[in-house]
K.L.:
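Here you go, one structure.
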Amino acid sequence: MMRFQRFPTAPARLVLAWRAAALVAAALIIGVLLALSGRNVFELAELVLKSTIGSRFGLEDLALFMTPLILTGSAVTVTSRIGLWNIGAEGQFYLGAIGAAGVGLYMPGSPLLVLPAMAIVAMLCGVAWIAVPTLARAWAGVNEIITTLLLNFVAGLLTYWLATGPWRDRVTGALASTGRIHVAIPEMWGVVHWGFPVALLIACGLAAIMTWTSWGYEVRISGANPGAARYAGMPMRARIIAVMLLSGALAALAGMFEVAGTVHRLQGGMADNFGYLGIVVAVLARRSCLAVIPAALLMALILDAGIVLQTQQLAATVVLAITGLVLLLIAIGDELAHYRPVAPAIRPATSSSRPEKKVTA
Amino acid sequence: MAEHDIPAGITPPSVPPGTPPVLQLVGISKYFPGVIANEDVSLDVRSGEILALLGENGAGKSTLMNVVTGIYQADAGEMILDGYGVQFSSPQEAIRAGIGMVHQHFRLVPAFTVAENIHLGWSETPKNASSAILEARTKELSERFGFPVTPSARVEDLSAGEQQRVEILRVLARKARLLILDEPTAVLTPTEARDLFRALRAFRAEGNAVIIISHKLDEVMEISDRVTILRGGRKIGTWKTTECSPRMLAATMVGREIVRQNLLLRSENAAPRGTVAELSLENVSVRDDRGVNTLADVTLNVFGGEILGIAGVAGNGQRELTEVLTGLTAPTRGQVLLGGSPAKSGAAAFARQGVGHIPQDRLHSALAPSLGITDNMALREYGQPPVGGDGLYRASAALALAREIADVAEVTIPDFAMPVRNLSGGNQQRLVARREIRIADRVLVAAYPSRGLDIGAIATMHRYFADLRDQGVGIVVVSEDLEELLNLSDRIGVLCHGRLMAVLDAVDADIERIGLLMGGRTEAPGAGMAAGQGADLS
């Protein structure tokens, strides 16, 4: 007789195994549903594989999707390390895009000067955007989830206004977009620009900071148990402020990379949910800065596959439903990873010796 | 001293012929997993009397009353109401039978008015009644029972005393004949307490019964007709209040047979007791958010090489005292001196200056349960080499530190990356204790160090303290367990209502005197206070 019991911790191996099972289950469910609606599932699957990981073009696309996802995912992950949620990565992304576009459109000079200026101004804009929620959280205990979320809508509208108003393209008269910015992040591999390796480096750097600095240690303790941080006399407020501002800067950098690397202009709606998907990436990464990279890869795969399916006359809502299904099954898998079989305590001899071992364990 | 000789479990005075007691409990037992909350408790309450239920924390008073009011069901024994056996499966049934309880923490809806709270969940509330009708009914009830309230006021705007009147009125309106009050004066000012007692006497005069839970001896002497004392979940006895003295009640409540182990015996090469205070508080007061002084004018010295026990009923300023002693809270008034000079503020600074702290709730304040054992063991030393320094956190050095702590704590750990919450409570406590002892060059403050531990783990903890004392470190042990304090301490301070009532030399501290001081009484005011001043010099 085997009995399953819920444990408070889930070992990484089990999580991975269950997630793999969840992905397989999702693929099966999607396949069956598509087959039932009269589509050739194998043809579709082949097409999806070929145009994502099966071809150079597909791989380039994946890297382009991953770049902003790594950054917004990192932005959400760093706040989650201290027990907070930055739901405003979308808004900070827009502000980063605005800052970068402002510099890129109106600052003359060589890309060697303009690109760093774009990045710095973008990050400062992101920091400014999250500053009010940060201070409200640190000094007045105002819930950062609400304040960061609501500012997203302001940022989105601000971008539309700039792109269609003061900064609109007066040359070609394109709608909802500024003119083309004269500098761009250089490309390194097809359409993949140098923002991709930088994003990877940033994710690794954040992981190193969290693991190998006393600052990271304080953030981890504060996030795991504020009571323990207070007990040890850690400067919690300073850490909360620093982490939230860092988060705003990371999301804004994603906006700068999109402006300078992919879109080359400021466009209304250009954040394309990358900020919100950053939350999904952070949830998938389970608060690990390094795991943001594979989580962003999975998210990019889903997005990319979605685009391929749309070219095959599947509605965009179907793609959204598929995304939702994958995430739902992964969430179920994560929960299942908490369950482990326990040996039933039938014989008193074993039941009395087992706990003894546990005590010393 | 004759009262002392009353044997435990004596039968109460016989019931006047013809009138059965309002409530009679016979052999009530209630067990929780691994805990005996009540065992074989028998008592009775008669009409026209106020019975005080006295006992230390954890003596089983609240559990017993929860059984009476139907929140818990007894595992054994019977309840006899007006001569008939009853069983309550819910508090609603108990109130229908005329037993009403006013809990220590009020159960009112803050956003509702007094009238709405009184009529909430009451079968006699008229359907679709306007607030005017409810308020008129409330006014009538308030006058009938003599508990003045403002029917239209919102409960959240009322003082604690007014809220309590609403609670009592709520119970009385449901025709309670037996009123149970759980530490009713804990939240009241002295004037409010006097008003409450007057109303209770009026209630008694109408032939009703009251059970009042308290550990304030003065109150018990003032208000009750009889006293029942519980200890360790069992009834010790019932006495007529007129035959009792606070002294005798204190001794009976705490228990007399206290075994002194030889932990007080110092090893041969032990460091002598210090003559200069390592840590001192000078006229320290702490005021909480509501402006209440939770610690009032405390002056206290902790010397090296001694164990100072802090006795008192929980909630009398112990938390604030430990927080001030460890730098977690800055005093509102007064001064904290570390090694003779004003202490730098902040818990981290105190830790660096050699103050260790074993807090009351290990898992929630001394550890980060979800993080690994290594990270948790580095909590006190991550700022300095070898773990810290140059802004780095050296995981390998932290692991070495964790191994060292686990070794001296004699805890075998297979995987130091394992979340610390996977360890047993006893092992967590050992690790925290050793981690704090490592940094405690001056003073170790331990709050309720044996809470939640079994006897073996408690003995280990006490041995740690004795060893540390012999190394010349000053140790402050906060506990409710007088036995523990007398076994360990060189001096014992007693807290009551945030005041340090006295600091007694443990050699001539007797349990009765400590019990009286815990209850806020200084039986010979001169002597008690003088001891408090004088003991600091020892």
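Just so we're on the same page: letters track the sequence lines, and every chain starts at 1. Just so it is clear, the model here is predicted, and its values are computed rather than measured. What's counted below: heavy atoms across the whole structure, side chains too, no hydrogens, waters or symmetry copies.
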K.L.:
Can you say whether B:Q428 sits under 4.5 Å from chain A via the side chain, the backbone, both, or neither, judging by heavy atoms?
P.N.:
neither
K.L.:
Answer yes or no: does atom CZ of B:R319 have more than 12 heavy-atom neighbours from other residues, nucleotides or ligands under 6.0 Å?
P.N.:
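It does not: B:R319 CZ has 12 such atoms or fewer within range.
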K.L.:
For the interface with chain B, which of A:A228, A:A229, A:A232 has the highest count of heavy-atom pairs at distances below 4.5 Å?
P.N.:
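So the answer, after comparing A:A228, A:A229, A:A232, is A:A228.
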K.L.:
Looking at A:N225 and B:A368, what are the two nearest heavy atoms and their distance?
P.N.:
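Nearest pair, atom of A:N225 first, then B:A368: CB-CA, 3.8 Å.
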K.L.:
Check whether B:A378 gets within reach of chain A through its side chain, its backbone, both or neither, counting any heavy atom under 4.5 Å.
P.N.:
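B:A378 touches chain A through backbone and side-chain heavy atoms alike.
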K.L.:
Determine whether more than 12 heavy atoms belonging to other residues, nucleotides or ligands lie under 6.0 Å from atom CZ of B:R333.
P.N.:
no
K.L.:
Out of A:P235, A:P226, A:A224, which one racks up the most heavy-atom pairs below 4.5 Å with chain B?
P.N.:
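Winner by heavy-atom pair count: A:A224.
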K.L.:
Out of the candidates B:L371, B:L392, B:D375, only one should pair with A:Y217 under the side chain to side chain contact (heavy atoms under 4.5 Å, CB included) rule; please name it.
P.N.:
B:D375
K.L.:
Between B:A366 and chain A, which part of the residue has a heavy atom less than 4.5 Å away: side chain, backbone, both or neither?
P.N.:
both
K.L.:
Working to the nearest 0.5 Å, report the span between CZ of B:R394 and OG1 of A:T213.
P.N.:
11.5 Å
K.L.:
With a 4.5 Å heavy-atom cut-off, do B:L367 and A:Y231 have their side chains touching?
P.N.:
no
K.L.:
Just so I understand: if I count every heavy-atom pair under 4.5 Å between each of B:G346, B:G391, B:G327 and chain A, which residue has the most?
P.N.:
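Among the listed options, the one with the most contacts to chain A is B:G391.
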K.L.:
Tell me whether the count of non-hydrogen atoms from other residues, nucleotides or ligands lying under 6.0 Å of CH2 in A:W212 goes above 12.
P.N.:
no
K.L.:
Roughly how far apart are A:R287 CZ and B:S370 OG, rounded to 0.5 Å?
P.N.:
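Going from CZ on A:R287 over to OG on B:S370, the span is 6.0 Å.
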K.L.:
I need the residue from B:G388, B:G383, B:S365, B:A351 with the largest number of non-hydrogen atom pairs under 4.5 Å to chain A.
P.N.:
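Of the candidates given, the most pairs with chain A belong to B:S365.
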K.L.:
Between B:E323 and chain A, which part of the residue has a heavy atom less than 4.5 Å away: side chain, backbone, both or neither?
P.N.:
side chain
K.L.:
May I have the step-by-step check of side chain to side chain contact (heavy atoms under 4.5 Å, CB included) for B:Y393 and A:M210, ending in yes or no?
P.N.:
CA-CA 9 Å; B:Y393 173 75; A:M210 286 297 168; over 6 Å; no
K.L.:
Side chains of A:E218 and B:Y382: any donor to acceptor distance under 3.5 Å?
P.N.:
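Looking only at side-chain atoms, A:E218 and B:Y382 do form a donor-acceptor pair, the distance falling under 3.5 Å.
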